Protein chains: 2
Amino acid sequence: MNKKRNTTLKELALELGVSISTVSRALSDHPDISSATKENVKELAKRLNYAPNLFARGFRSQESHILGVIVPNISHLFTSTVLEGVLDEAELRGYRVIISESKNNENKQLEMLQTMTQFGVDGVLMSLTKKISDVAQILQILKRVPLVLFDKVSDKIPCTQIVIDEEEAAFNAVEHLIGLGKKRIAILKETENSFNSEKRYAGYLRALKENELPIDEKIILGTEDISLVNGRRLTNVLLSMKERPDAIFAITDSAAIGAIKALNKYKVGIPNEIAVVGFSNSMNSTIIQPALTTVDQPGDTIGRTAVKYLIQEIESPKAAIGTMTVEIKTNLIVRDSTFKI
Amino acid sequence: MNKKRNTTLKELALELGVSISTVSRALSDHPDISSATKENVKELAKRLNYAPNLFARGFRSQESHILGVIVPNISHLFTSTVLEGVLDEAELRGYRVIISESKNNENKQLEMLQTMTQFGVDGVLMSLTKKISDVAQILQILKRVPLVLFDKVSDKIPCTQIVIDEEEAAFNAVEHLIGLGKKRIAILKETENSFNSEKRYAGYLRALKENELPIDEKIILGTEDISLVNGRRLTNVLLSMKERPDAIFAITDSAAIGAIKALNKYKVGIPNEIAVVGFSNSMNSTIIQPALTTVDQPGDTIGRTAVKYLIQEIESPKAAIGTMTVEIKTNLIVRDSTFKI
DNA sequence: AACGTTATCGCAAACGATTGCAGAGACTCA
DNA sequence: TGAGTCTCTGCAATCGTTTGCGATAACGTT
């Protein structure tokens, strides 16, 4: 494919019989240029379909106006909602976005970070892989380019972090169950110490404590991969207990849906016998019968907020690195799986 | 944020007391350079963490090694699956990817195309907005940069197009229903002449004809927005008929799920009284009760294939523009919503 | 008339990497 | 010893844009 060259400043200058610098300044409304010249230049530029070569510009100014985004998995609904917010906000502010997937592979994540900085992105937005052992390298990169973390973050990395208020969200969810009169609330969580899981667990514990409910380790179940099948499996475990719980709080929608499937199979009444609350407000939560009560994470807002903070860091000349943690509020969406009848 | 400069060739050259060109050649294993010098240079380059400035390189070579992708909506599961394939394949071949969302807005789509070419992408991958009235502008851009369309395509644009074999997929789906003994099969389609909808409708018609079943216009229902609610609405219409259908083929999973919800509400037996087939194999299709029989679209394969063809066009110097249409095969995933009992 | 001001504009360098060409040694061979 | 050959390296231009600084001309001021 033969890539036809775009119109350049030189061509415009040649055509008009002025210098390249005059053309450049005319196009950017520099006060030194007479309005007559400006009009001429602009007219010709429009006619010849001139568009500045962004490569040359970025090359000279050392600014690419590109943001890099690295996420573990692009096809998670929540992630793609965040990306939507990122794309919107970035476009609004005149930035383009490069997206990469780390596939939850730490090495790949690091490699991508490096390629991106090498490429000259102005800043990076990242949601971390599940495990991170080697923070040192990330810290190195942090020195060269602004970084903002979102969703999956880590306090070992000193930078601005955008998260949802996991703890409060979980707290509200569990309090909602308690408000329905539930007294024995199970939780399905992750065993590995994932940041998010821990926060949600903390909210669960606080809700129980503040309402003076006993904490029973037997109904605090963990799994390595918090998926639909594991949600179902763990619910089967709960059902086989002598003292069944009267509610299940799953820290993931998929696990919650697995739970509902298990309950449906054994004809356990939802929500009367056992109520279920999930976390994410994924598409599926309205598909399952009964519809799932869940925590709505405003992905769009997270994306937009992350971009705002990142651009702020990029454009403020010598500001010290921010280490702020911004917490986005969530809403509990009450549906049939917890509706008091 | 102060962006620290990366190591440059000049710095390496200064340090070693050789010229910039020697360093450049040494790093790219040019035969003119002695192996002693090469080793020296490479050693220092590694030690100083040298990474070529991709902007400068792209600027000079007029190659960015960036692919642009424009999709209507990034958060559709199918789309993000395609994107996964695109990202993987592109990375494999040493390309980076810029993603934009057109939000089904034709003007935005055009604007993004232009920004991308201005930015110097080596090629563009695009899934079209629903309506396209102004093909002329796209044709203009087609002259400047290779373009490959996927999923939502148009025969008005002469370029390589990657689609799933919609017609055959629909044909297979309907034949599956006929194989179960169904004789009166309704279809839920789009009214606007969307490319995909028409193809699927054609497959539907062919299946009926080849099996010598009558075609009844009354059970061929269209809607502008083929969504869950409209699926439910149209199914209600079908249920109110004197002669009810014994199967429903919805050209979208969401519509199919809407259909199932309506059937469930009126306690219509699935699949015995009325069977349902969808299209997409979205996550939801296994969540709904009964699980939905649907056409699996291998998004990943589409993404990878599209990238392959695009890069081929980019890298083959003066090849005539391809106008090939590549059809990716699909699989029918049979689940409870059509299982013969 | 000589000087200062102001409005316009052009020159040239710079950004970092690549590459054709020329030049400097070292070596061989007659 | 001189010419020719070969190996290795440097010079300088190039890509398109931006920008500090200097140049020019026109005009006003004394």
Side-chain angles (χ1 to χ4, degrees), chain A residues 2-42 44-45 48-66 94 117-122 144, chain B residues 2-42 44-45 48-66 94 117-122 144:
Chain A
N2 44 339
K3 207 167 176 179
K4 288 210 191 90
R5 238 201 242 341
N6 281 321
T7 324
T8 69
L9 286 185
K10 192 196 278 184
E11 287 169 39
L12 295 183
L14 219 64
E15 179 80 17
L16 287 169
V18 296
S19 77
I20 296 179
S21 16
T22 303
V23 177
S24 171
R25 277 189 265 251
L27 288 174
S28 56
D29 263 331
H30 194 282
D32 270 7
I33 306 297
S34 73
S35 43
T37 313
K38 278 184 191 172
E39 271 192 45
N40 278 337
V41 172
K42 286 181 181 174
L44 185 71
L48 261 58
N49 236 312
Y50 170 78
N53 180 323
L54 295 183
F55 255 99
R57 183 179 280 176
F59 169 52
R60 182 168 203 288
S61 64
Q62 303 287 349
E63 287 174 355
S64 57
H65 268 227
I66 301 184
T117 59
Q118 174 187 171
F119 187 76
V121 295
D122 286 349
R144 314 192 128 271
Chain B
N2 43 337
K3 207 169 177 178
K4 287 211 190 89
R5 235 194 243 346
N6 281 321
T7 324
T8 71
L9 286 186
K10 193 197 277 184
E11 287 168 38
L12 295 184
L14 221 64
E15 180 80 15
L16 287 169
V18 297
S19 78
I20 297 179
S21 18
T22 303
V23 177
S24 172
R25 277 190 266 252
L27 288 175
S28 55
D29 263 330
H30 194 284
D32 270 6
I33 305 296
S34 71
S35 43
T37 313
K38 277 184 192 172
E39 271 192 45
N40 277 338
V41 172
K42 285 181 181 173
L44 185 70
L48 260 58
N49 234 311
Y50 169 78
N53 180 324
L54 295 183
F55 255 98
R57 184 180 281 175
F59 168 51
R60 183 165 201 289
S61 64
Q62 304 287 348
E63 287 172 13
S64 58
H65 268 226
I66 302 184
T117 60
Q118 175 188 167
F119 187 76
V121 294
D122 287 348
R144 314 192 126 271

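Only a predicted model underlies this, so the values are computations on that prediction, with no experimental measurement involved. Note on naming: letters A, B, ... go to the chains in the order of the sequence lines (proteins, then strands), and numbering restarts at 1 for each one.
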Apply side chain to side chain contact (heavy atoms under 4.5 Å, CB included) to B:Asn49 and list each qualifying residue two or more places apart in sequence or on a separate chain.
none

Residues passing the side chain to side chain contact (heavy atoms under 4.5 Å, CB included) test with A:Leu14, sequence neighbours excluded, are none

Is [X] close enough to [N] that one of its side-chain N or O atoms is under 4.0 Å from OP1 or OP2 there?
X	N	value
A:Gln62	C:dG16	yes
A:Ser19	C:dC9	no
B:Thr37	D:dT9	yes
B:Arg57	C:dT18	yes

If I take atom [atom1] in residue [X] and atom [atom2] in nucleotide [N], what distance separates them, rounded to the nearest angstrom?
X	N	atom1	atom2	result
A:Leu54	C:dC15	CG	C1'	16 Å
B:Lys38	D:dT7	NZ	P	13 Å
A:Arg60	C:dG16	CZ	C1'	13 Å
A:Leu16	C:dT8	CG	C1'	15 Å
A:Phe55	C:dA14	CZ	C1'	19 Å
B:Arg25	C:dT19	CZ	C1'	6 Å
A:Asn53	D:dG16	CG	C1'	6 Å
A:His65	D:dT17	NE2	P	16 Å

What residues form a salt bridge (Lys or Arg N to Asp or Glu O under 4.0 Å) with A:Lys10, not counting sequence neighbours?
none

Going by ring pair (Phe, Tyr, Trp, His ring centres under 6.0 Å), name the residues that satisfy it together with B:Phe55, two or more places apart in sequence or in a different chain.
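Expected list: A:Phe55, A:Phe119.
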
Tell me, which pairs form a salt bridge (charged side-chain N to carboxylate O under 4.0 Å, His left out) where one or both residues lie in residues 32-41 of chain B, sequence neighbours left out?
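Matches after skipping sequence neighbours: B:Asp29-B:Lys38.
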
Nearest 0.5 Å please: distance from the CG atom of B:Asn40 over to the CG atom of B:Leu16.
6.0 Å

Ring-base stacking, B:Phe59 with D:dC15 (5.5 Å, 30° cut-offs):
yes

Tell me which residues in residues 27-34 of chain B put a heavy atom below 4.0 Å from DNA chain D, sorted by number, or none.
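DNA chain D contact set from residues 27-34 of chain B: B:Asp32, B:Ile33, B:Ser34.
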
Between C:dC11 and A:Ser21, counting only base atoms on the nucleotide and side-chain atoms on the residue, is there a donor-acceptor pair under 3.5 Å?
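Answer is yes: a donor-acceptor pair is held.
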
A:Leu44 and A:Tyr50: CA distance, side-chain angles, deciding distance, side-chain contact (heavy atoms from CB on, under 4.5 Å) verdict
CA-CA 8 Å; A:Leu44 185 71; A:Tyr50 170 78; over 6 Å; no

Assuming nearest nucleotide by heavy-atom distance, tell me which of B:Gly17 and A:Tyr50 is located more 5' along DNA chain D.
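Nearest-nucleotide comparison on DNA chain D picks B:Gly17.
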
